[in-house]
2 protein chains.
Amino acid sequence: MKDQTQLRVVQAAGPIFADKGFDRATIREICTAAEANLASVNYHFGDKETLYLEAVRHAHALKMEQVPLSQWPSNTPPEEQLRFFIRAMLSRMLGTDELDWGTRLLMREMIEPTIACKSIVEDFIRPQLQLLLSILDEMVPQNISFHRKHQMAFSIVGQCLHYRVAREFVNLLIPEKERAEHFDRNHLVDHITEFSLAAIKNLPIPDSSEKKTS
Amino acid sequence: MKDQTQLRVVQAAGPIFADKGFDRATIREICTAAEANLASVNYHFGDKETLYLEAVRHAHALKMEQVPLSQWPSNTPPEEQLRFFIRAMLSRMLGTDELDWGTRLLMREMIEPTIACKSIVEDFIRPQLQLLLSILDEMVPQNISFHRKHQMAFSIVGQCLHYRVAREFVNLLIPEKERAEHFDRNHLVDHITEFSLAAIKNLPIPDSSEKKTS
DNA sequence: TGGCCTACCAAACAATTGTTTGATACTATT
DNA sequence: AATAGTATCAAACAATTGTTTGGTAGGCCA
């Protein structure tokens, strides 16, 4: 049977799309990397855009199978669950540059959404959000509203996201030495966890009354 | 004197680069928008890339003059200063789509830094960070360390950044109605401010001892 | 006036890139 | 064995795009 060139092409396309973007990535480069003929993209996928879509879905499927959502004992206290969650999310985002092209693809979808965006959110993002919400559920009053729980969740996610999205800015803002010493993954997990826990536990709980909006 | 075509080109280039990116934006489109000849880019700027740089610098200069950093009475309590700061930052990020191309350019620089990145950080980002740090200074113990203050600042910035970077994801995750009602600018300012204040005021202050890192 | 420089323009150029084509080997089916 | 279908390939194609060119108009100065 043929040498699975279709598969080789998708696999080669992922990293290339990830770090050069849709436009800068050329079919020629992808096919060369996949050791496939130039025409194989149009033969197997129709055009460049559907190859991109397929590559994103492939990356997404990979992430799903290699990063299981939750895996802690069922009796883990919610505070520790949150720490685990944050650790996992930060790990995914700050992945060493070898194999984090999946995340890079995701970032691109964020600021320049394509058709792949919707399925990514439903299959990949939403389950994570649900998990985070269920952790929060054990720490906040039962009667808290939908949107407040979501706002808290986004506050936590945002803190993690920052170190990926604004990574280059952080590098320029924080001196090398300081960064190596206090902004590595472990310290960031600790900080974000404690910052968030302190916030969650001391947040005022006015749910029905409107708040001052200056 | 000539019709300032050089200026017209930079001005036209900004929005186009912002929403199509460097590659998708064509010199022809820019020149058409600027009502300038196709050759003017190469005549006035040398090549496409330096035009891009000039456009970014131009956008950046505009932002600087139209969004003054702080303007609150000197006796404003730090809690309210923080609220103002967050409001200003969110406003800049969620700007109505007409004139927020400056921010869009910034986003692109974040995830795909060019040579313009460094000067943007120094002239635009760092002053904002300094201002935020000075606000925090009035709310945290004096002896708190450099990196912990910066981590707090990043936690605040990250929460705001999230709603811009992951905007499309939020739109898909939160139903339209809910979003219009509880995720508009005013409500987000309130939430982020209170979340951050609760965190800041209740954060443990272990500065010398290492923390658990699971 | 006559030269000189700058700004501008229409047209052409050269390189890249996505896509198509026609042929060839190979497999499976009848 | 003959046929049909699939996968692969080298080469060509067509469109786009950044860049260059040669020329024109007009201001400025000697």
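All values below come from the heavy atoms of this structure, side chains included, with hydrogens, waters and symmetry mates left out. To find a chain, count down the sequence lines: A is the first, B the second, and so on, and within it residues start at 1.
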Using five pairs at either end of the helix from C:dT1-D:dA30 to C:dT30-D:dA1, determine the angle between the two local helix axes and round it to 10 degrees. 10°
Counting only side-chain N and O atoms of A:Thr5, is one of them less than 4.0 Å from OP1 or OP2 of D:dT8? yes
Residues pairing under salt bridge (Lys or Arg N to Asp or Glu O under 4.0 Å) where one sits in residues 114-126 of chain A, two or more places apart or in two chains, turn out to be A:Glu122-A:Arg126
Measure the distance from CG on B:Leu51 to C1' on D:dT19 and round it to the nearest whole Å. 14 Å
Taking A:Lys20 for its side chain and A:Thr26 for its backbone only, find out whether a donor-acceptor pair lies under 3.5 Å. no
What are the atom names and distances for every N/O pair under 3.5 Å that joins the protein to nucleotides 15-17 of chain D?
none

In whole angstroms, how far is the P atom of C:dG18 from the CD atom of A:Glu29? 10 Å
Short N/O separations, protein against nucleotides 22-26 of chain C, under 3.5 angstrom:
none

What class does the angle between the rings of B:Trp72 and B:Phe84 fall in, given that below 30° is parallel, 30 to 60° is tilted and above 60° is perpendicular? parallel
Please state how far atom CD in A:Gln6 lies from atom C1' in D:dT6, giving the value in whole angstrom units. 12 Å
Toward the 5' end of DNA chain C, by each residue's nearest nucleotide, B:Ser40 or A:Asp47: B:Ser40
Take the protein atom CD of A:Gln4 and the nucleotide atom P of D:dT6, then report the distance between them rounded to whole Å. 17 Å
Given atom OH of A:Tyr43 and atom C1' of D:dA10, what is their separation to the nearest angstrom? 17 Å
Anything under 30° is parallel, anything over 60° is perpendicular, the rest tilted; go ahead and classify A:Phe183 against B:His147. perpendicular
Less than 4.0 angstrom between a side-chain N/O of B:Asn37 and OP1 or OP2 of C:dA7, yes or no? no
Does B:Arg83 pair with B:Asp190 as a salt bridge, N-O distance under 4.0 Å? yes
On the 0 to 90° scale, with breaks at 30° and 60°, tag the A:Phe195-A:His191 ring pair as parallel, tilted or perpendicular. tilted
Residue pairs, two or more places apart or on separate chains, that pass ring-ring contact (aromatic ring centres under 6.0 Å, His included) and touch residues 118-137 of chain A: A:His60-A:Phe124
For the pair B:Gln81 (side chain) and B:Thr76 (backbone), establish whether a donor and an acceptor sit closer than 3.5 Å, ignoring hydrogens and angles. yes
Non-neighbouring partners of A:Asp23 that pass side chain to side chain contact (heavy atoms under 4.5 Å, CB included), sequence neighbours left out: B:Asp23, B:Arg24
Are OP1 or OP2 of C:dC8 and a side-chain N or O of B:His44 less than 4.0 angstrom apart? yes
Please verify the inter-ring angle class for A:Phe17 with A:Phe22; under 30° counts as parallel, over 60° as perpendicular, anything in between as tilted. parallel
What integer distance in Å separates A:Leu38:CG from D:dC13:C1'? 12 Å
Do the side chain of A:His44 and the main chain of A:Ser40 share a donor and acceptor less than 3.5 angstrom apart? no
What integer distance in Å separates A:Asn42:CG from D:dA11:C1'? 15 Å
Within the side chain of B:Arg108, is there an N or O that forms a donor-acceptor pair under 3.5 Å with the backbone of B:Ala18? yes
Which whole-number value in Å describes the distance from B:Tyr52 OH to D:dG18 P? 15 Å
